[in-house]
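Structure first, then comments.
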Amino acid sequence: MTRSSIIELIDVALSRARQELGRPGDWLSGRQRVDVWSEVRKSRSDPLDIARRVSLSPFAVDGEHCASGTLDETMVEVVHRVASDPGRLTRSWAENQIAGIGEETYTELVGVTALATALDTADLALGRPRTALPEPQSGEPSRIRPDGVGDVGAWVSQELEKARANVSRTLSLVPETLSTWHMLVNDLYSRGNEFFDLAWDRALSRPQVELLAARTTVLSECFY
């Protein structure tokens, strides 16, 4: 497979995910999800985020983000903190945000922020400008809390049945958002049931892929 054909396949996967983020989700409208993505981009140059990142503790820096678009102050705070300094989030901070917006909305904000960050990072890795934000689609979010979720010791409710790895259960409270995440992971990494194969017939071997994934995880200070 040539380099151009590989990039073409990657672009198809990225484009699908971008369009999904413009659609109504679980508890957020299409407009709100696009506004989340906009706030993710703002967090990289936001003075408050920069001051917090260089501070010994982000909680030592007071300030508020200006609410923007369709997002209130608490939602903007969640997006900016998750996008700019995720390695130093605390459970007490999360509980304070959840008390204001609910755990379903909080979980979707985290999921959309993670997806938007991944998509923008892909553009950066490919050496090109960030792709334009998707056009928000009309309609209402599903607002359905799925059955079979509850307290598993995490910061938010997750699937009670351990049928999947924890990293695949983190967004189980918001299945629409989780579906987009799984779609992107399947397209760019696990390829569905191929994940269980120890040898991959791809441009990179399975050990090479896992080495890259592990190193990226360390550099990103990912909990998992």
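Quick note: numbers below take in every heavy atom, side chains included, and nothing from hydrogens, waters or symmetry partners. Note that the coordinates shown come from a computational prediction; the quantities given were computed from them, not determined experimentally.
- No side-chain heavy atom of Ser29 sits under 4.5 Å from any side-chain heavy atom of Pro24.
- Side chains of Arg33 and Pro136 form no contact here, defined as non-hydrogen atoms less than 4.5 Å apart.
- Residues Leu160 and Val156 do not share a hydrophobic cluster, clusters being chains of Ile/Leu/Val/Met/Phe/Trp/Tyr side chains in contact below 4.5 Å.
- Note on Arg53 versus Asp85: no salt bridge recorded, every NZ/NE/NH1/NH2 to OD/OE distance being 4.0 Å or above.
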Next on the checklist: Show, in sequence, the C-alpha distance, side-chain angles and deciding distance for Val79 and Val112, and conclude whether the side-chain contact (heavy atoms from CB on, under 4.5 Å) test is met.
Outcome noted: CA-CA 9 Å; Val79 174; Val112 174; over 6 Å; no
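- Of all the heavy atoms in Ala51 and Val61, the pair that sits closest is O-CG2, 3.8 Å.
- Counted within 6.0 Å of CD on Glu161, heavy atoms from surrounding residues, nucleotides or ligands total 12 or fewer; the atom is thus considered open.
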Next on the checklist: Could you go through Leu184 and Leu188, starting from their C-alpha distance and side-chain angles, then the distance that decides it, and tell me whether this counts as side-chain contact (heavy atoms from CB on, under 4.5 Å)?
Outcome noted: CA-CA 6 Å; Leu184 191 61; Leu188 299 181; 3.7 Å; yes
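- Following chains of ILVMFWY side-chain contacts shorter than 4.5 Å, one cannot reach Val149 starting from Leu109, and the two form parts of different hydrophobic clusters.
- The main-chain N or O of Thr74 is found under 3.5 Å from a side-chain atom of Asp72 such that the two form a donor-acceptor pair.
- Hydrophobic clustering (side-chain heavy atoms under 4.5 Å, transitive across Ile, Leu, Val, Met, Phe, Trp, Tyr) keeps Met183 apart from Leu171.
- Side-chain contact between Ser168 and Trp181 is absent, with no heavy-atom pair separated by less than 4.5 Å.
- The distance from atom OH of Tyr106 to atom CD1 of Ile101, rounded to the nearest 0.5 Å, is 8.0 Å.
- Taking the centre and axis of the six-membered ring of Phe59, the NZ or CZ atom of Arg81 falls inside the cone set by 45° and 6.0 Å.
- Not one N or O on the side chain of Arg202 forms a donor-acceptor pair closer than 3.5 Å with the backbone of Val209.
- A distance-only check finds no donor-acceptor pair linking the side chain of Glu210 to the backbone of Pro207 [under 3.5 Å].
- With values rounded to the nearest 0.5 angstrom, Ile10 atom CD1 is found 13.5 Å from Ser15 atom OG.
- In the hydrophobic clustering of this structure, Val152 does not group with Trp155; members are Ile, Leu, Val, Met, Phe, Trp, Tyr whose side-chain heavy atoms approach within less than 4.5 Å, directly or through other members.
- Two residues are said to be in side-chain contact when any heavy atoms from C-beta on lie closer than 4.5 Å; Val36 and Leu71 meet this criterion.
- Within the model, atoms CG of Asn96 and OG1 of Thr90 stand 8.0 Å from one another, a figure rounded to the nearest 0.5 Å.
- At a threshold of 4.0 Å, the pair Glu95-Arg91 counts as salt-bridged, since one of the basic side-chain nitrogens sits closer than that to a carboxylate oxygen.
- A donor-acceptor contact closer than 3.5 angstrom links the side chains of Glu39 and His80.
- Taking the ring axis of Trp200 as reference, the NZ or CZ atom of Arg206 stays within 45° of it and closer than 6.0 Å to the ring centre.
- Taking CZ from Arg31 and OG from Ser38, the interatomic distance works out to 8.0 Å, rounded to the nearest 0.5 Å.
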Next on the checklist: Between His65 and Asp49, does the side-chain contact (heavy atoms from CB on, under 4.5 Å) criterion hold? Intermediate values first, please.
Outcome noted: CA-CA 9 Å; His65 300 286; Asp49 293 324; 3.2 Å; yes
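- With contacts defined as side-chain heavy-atom distances shorter than 4.5 Å, the pair Leu119/Thr131 does not qualify.
- What you find for Leu173 and Ser157 is that their closest heavy atoms are CB-O, 3.6 Å.
- At a cut-off of 3.5 Å, with distance as the only test, no side-chain donor of Gln158 or Thr170 sits close to an acceptor on the other residue.
- Closest non-hydrogen pair, Ala13 versus Asp187, comes out as CB-CB, 3.5 Å.
- Using a cutoff of 4.0 Å between basic side-chain nitrogens and carboxylate oxygens, Arg23 and Glu176 are not scored as salt-bridged.
- Arg52 and Ser84 are not linked by any side-chain donor-acceptor pair at a separation below 3.5 angstrom, with hydrogens and angles left out of the test.
- Judged by distance alone, the side chain of Asp35 and the main-chain N or O of Thr70 form a donor-acceptor pair under 3.5 Å.
- With salt bridges taken as basic N to acidic carboxylate O contacts below 4.0 Å, one links Arg128 and Asp11.
- More than 12 non-hydrogen atoms from other residues, nucleotides or ligands lie less than 6.0 angstrom from CG of Leu219.
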Next on the checklist: side-chain contact (heavy atoms from CB on, under 4.5 Å), that's the test. Do Arg145 and Glu103 meet it? Break it down for me.
Outcome noted: CA-CA 10 Å; Arg145 183 183 174 94; Glu103 67 169 349; 2.9 Å; yes
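- Side-chain contact of Trp93 with Glu77: a donor-acceptor pair under 3.5 Å is present, judged by distance alone.
- The shortest distance between side-chain heavy atoms of Arg143 and Glu104 does not fall below 4.5 Å.
- Put simply, the side chain of Thr217 gets close to the backbone of Ala213: a donor and an acceptor are under 3.5 Å apart.
- Side-chain contact, Ser55 with Ser57: no donor N or O sits under 3.5 Å from an acceptor N or O.
- The pair Asp120-Arg18 fails the salt-bridge criterion, with no side-chain N (NZ, NE, NH1 or NH2) lying under 4.0 Å from an Asp/Glu carboxylate O.
- Put simply, the side chain of Glu108 gets close to the backbone of Trp27: a donor and an acceptor are under 3.5 Å apart.
- Atom-to-atom distance recorded for Leu212:CG and Leu204:CG is 6.5 Å, nearest 0.5 angstrom.
- Smallest separation of non-hydrogen atoms from Leu21 and Ala116: CD1-N, 4.1 Å.
- Side-chain contact annotation: Tyr189 with Glu194, donor-acceptor N/O pair under 3.5 Å absent.
- Rounding to the nearest 0.5 Å places CD of Gln19 at 11.5 Å from OG1 of Thr180.
- Hydrophobic cluster membership differs between Leu48 and Val82, with clusters built from Ile, Leu, Val, Met, Phe, Trp and Tyr side chains linked at under 4.5 angstrom.
- The backbone N or O of Gly102 sits nowhere less than 3.5 Å from a side-chain atom of Thr105 that would complete a donor-acceptor pair.
- At a cut-off of 3.5 Å, with distance as the only test, a side-chain donor of Asp26 or Thr177 sits close to an acceptor on the other residue.
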